[in-house]
Q: 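Quick one: the structure is below, questions incoming.
All chains are named by letter (A, B, ...) in the order of the sequence lines, taking the proteins before the strands, and each is independently numbered beginning at 1. Below, all heavy atoms of this structure are taken into account, side chains as well, without hydrogens, waters or symmetry copies.
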Amino acid sequence: MVGFSLPNSMVQPVKRSLPEQAIGPPFFYYENVAQTPKRTWDTIKGELYGVEPEFLDSKYICATARKRGYIHNLPIENRSSLCLEPPKTIFEAFPHYRKWWPSWDSRKQLNCLTTCVPSSRLTELIEFVLSAAENPPSLRVQNYVMALCRQYNLVWVGKNRVAHLEPHEMEYLLGFPRNHTRGVTRTQRYKSLGNSFQVDTVTYHLSVLRDMFPDGINVLSLFTGIGGGEVALHRLGIHMRIVVSVEISKVNKRILRSWWNQTQTGELIQIPDVRTLTDDKIRSFIESIGGFDLVIGGSPCNNLAGKNRFHRDGLEGEHSSLFYQYPRILN
DNA sequence: CTAACCATGACGGACTCT
DNA sequence: AGAGTCCGTCATGGTTAG
């Protein structure tokens, strides 16, 4: 899962030719979870002009895994390595965790960051088991503890003590500025961050745009969330003249607005629901601003994701079916 | 008082790759 | 055939806003 190319890598970059229909303008960039049935990705691909998905695990870019598929019509030659290299291992990201990290925990990177937080009962259980065990613990105990650490993405914060990541640590690993989501409830921060882009990964893909738009770009941002795409563009130094952002969550809208007001000089127009962005409205936007240069977004994965035990209904699920709004709007 | 909000804990299985 | 992974949901009880 190495995508079409990797930064600073000996991996031979892939060459591809886009289907005629997929060639821009505008450029488009679509994202979703990679680990959903192949037939789902076949459907997505079919709706997006048959463009082959780029499957990339962010563990090749940063310190945490994030297996995602990206369908886009961006050039893939001459992607530039990031000016600011993100940490690629747990210890590079959090040197202070060395202190309590047992030698038998061989993890160098973290698993996928999600929205959920494990119960404190679990960390208590691990501490209890390890306190009662020999030092070092038997293989059996090690395997037991490691399975839980991997499953819940736990880190070592004290003697025999593990803990879940703090929201600001997730912000850091995902490539957001510190305190990007601060000011909303803790639970909400976990939710918003768990649902977001890995910014460095998106930055790498979008880096080909940097020299193409010296006067800035107009962006149509669908399912914006906390603005991973916008942060990536900003980091590339690409001026956003106008961003029309579609995002239903009040909290996420507030987070984006506050970041925008602090860092941007362009105009941000926020719309709550993709379904209210009718064809007529799109036409009038295009007329008034002179067209969009980039359409970017990842549609809801709720009904595709492996974590969902209740309604893993695929693309036709209640939330994930909003995907179909993406090709409609793009067309 | 009521409704909305918030934190917490409990809860398997489908899927891919080797 | 086996191992490892996963942008999650729901009910409950407490808290806060109006």
Q: Does a side chain donor of either Ser221(A) or Glu230(A) reach within less than 3.5 Å of an acceptor in the other side chain?
A: yes
Q: For Glu171(A), which residues count as a salt bridge (Lys or Arg N to Asp or Glu O under 4.0 Å) partner, sequence neighbours excluded?
A: Arg189(A)
Q: Between dC7(C) atom P and Glu31(A) atom CD, what is the distance in whole Å?
A: 10 Å
Q: dC7(C), OP1 or OP2 - any side-chain N/O from Thr114(A) closer than 4.0 Å?
A: no
Q: Produce a footprint string for nucleotides 13-18 of chain B: one letter per nucleotide, 5' end first; B if the base is under 4.0 Å from any protein heavy atom, S if only the sugar-phosphate is, - if neither.
A: BBSSS-
Q: Mind checking Ser299(A) for me? I need base, sugar-phosphate or nothing, with any heavy atom below 4.0 Å counting as a touch.
A: base
Q: Can you run down the side-chain hydrogen bond (donor to acceptor under 3.5 Å, both in side chains) pairs that involve residues 34-44 of chain A, sequence neighbours left out, and say none if there aren't any?
A: none
Q: Taking only the C1' atom of each, what is the distance from dG4(C) to dG12(B) in whole angstrom?
A: 15 Å
Q: Which of these nucleotides, dT9(C), dG9(B), dT8(B), is closest to any side-chain atom of Asn302(A)?
A: dT9(C)
Q: Is Gly298(A) touching bases, backbone alone, or none of the nucleic acid, heavy atoms closer than 4.0 Å?
A: base
Q: What protein N or O atoms touch nucleotides 10-14 of chain C N or O atoms at under 3.5 angstrom, if any, and at what distances?
A:
| residue | atom | partner | partner atom | Å |
| --- | --- | --- | --- | --- |
| dC10(C) | OP1 | His311(A) | NE2 | 2.7 |

Q: Of the listed nucleotides (dT8(B), dC6(C), dC11(B)), which one gets closest to any side-chain atom of Arg309(A)?
A: dC11(B)
Q: Pick the C1' atom in dC11(B) and in dC6(C), then give their distance to the nearest Å.
A: 15 Å
Q: Which comes earlier along DNA chain B counting from the 5' end, the contact point of Cys116(A) or that of Lys250(A), where each point is its nearest nucleotide?
A: Lys250(A)
Q: May I ask you to say what Gln151(A) touches in the nucleic acid, namely base, sugar-phosphate or nothing, with a heavy-atom cut-off under 4.0 Å?
A: nothing
Q: Measure the distance from CE on Met146(A) to C1' on dT5(C) and round it to the nearest whole Å.
A: 14 Å
Q: For Arg254(A), enumerate each residue passing the salt bridge (Lys or Arg N to Asp or Glu O under 4.0 Å) test, keeping only those at least two apart in sequence or located in another chain.
A: none
Q: Asn32(A) CG to dC6(C) P: how many Å, rounded?
A: 15 Å
Q: Closest approach to the side chain of Arg186(A), judged atom by atom: which nucleotide of dA7(B), dT5(C), dC6(C) is it?
A: dA7(B)
Q: Can you confirm whether more than 12 heavy atoms, excluding those of Arg16(A), are under 6.0 Å from its CZ atom?
A: yes
Q: So, the side chain of Trp101(A) versus the backbone of Phe91(A): is there a donor-acceptor pair under 3.5 Å, distance only?
A: no
Q: With no hydrogens and no angle check, do the side chains of Ser192(A) and Thr181(A) hold a donor and an acceptor under 3.5 Å apart?
A: no
Q: Do Tyr30(A) and Tyr70(A) have ring centres separated by under 6.0 Å?
A: no
Q: Quickly work out the Leu148(A) CG to dG4(C) C1' distance and round it to whole Å.
A: 14 Å
Q: Mind checking if Arg68(A) touches a base, just sugar-phosphate, or nothing, with heavy atoms under 4.0 Å?
A: base
Q: Taking OP1 and OP2 of dT8(B), is either one under 4.0 Å from a side-chain nitrogen or oxygen of Ser120(A)?
A: no
Q: Reckon Ser119(A) has a side-chain N or O less than 4.0 Å from the OP1 or OP2 of dT8(B)?
A: no
Q: Treating a pair as Watson-Crick (purine N1 to pyrimidine N3 plus N6-O4 or O6-N4) or G-U wobble (N1-O2 and O6-N3) with both distances under 3.5 Å, list the stems of 3 or more consecutive pairs that involve DNA chain C.
A: B:1-11 with C:8-18, B:13-18 with C:1-6
Q: In terms of side-chain heavy atoms, does Arg210(A) have a donor or acceptor partner in Ser80(A) at a distance below 3.5 Å?
A: yes
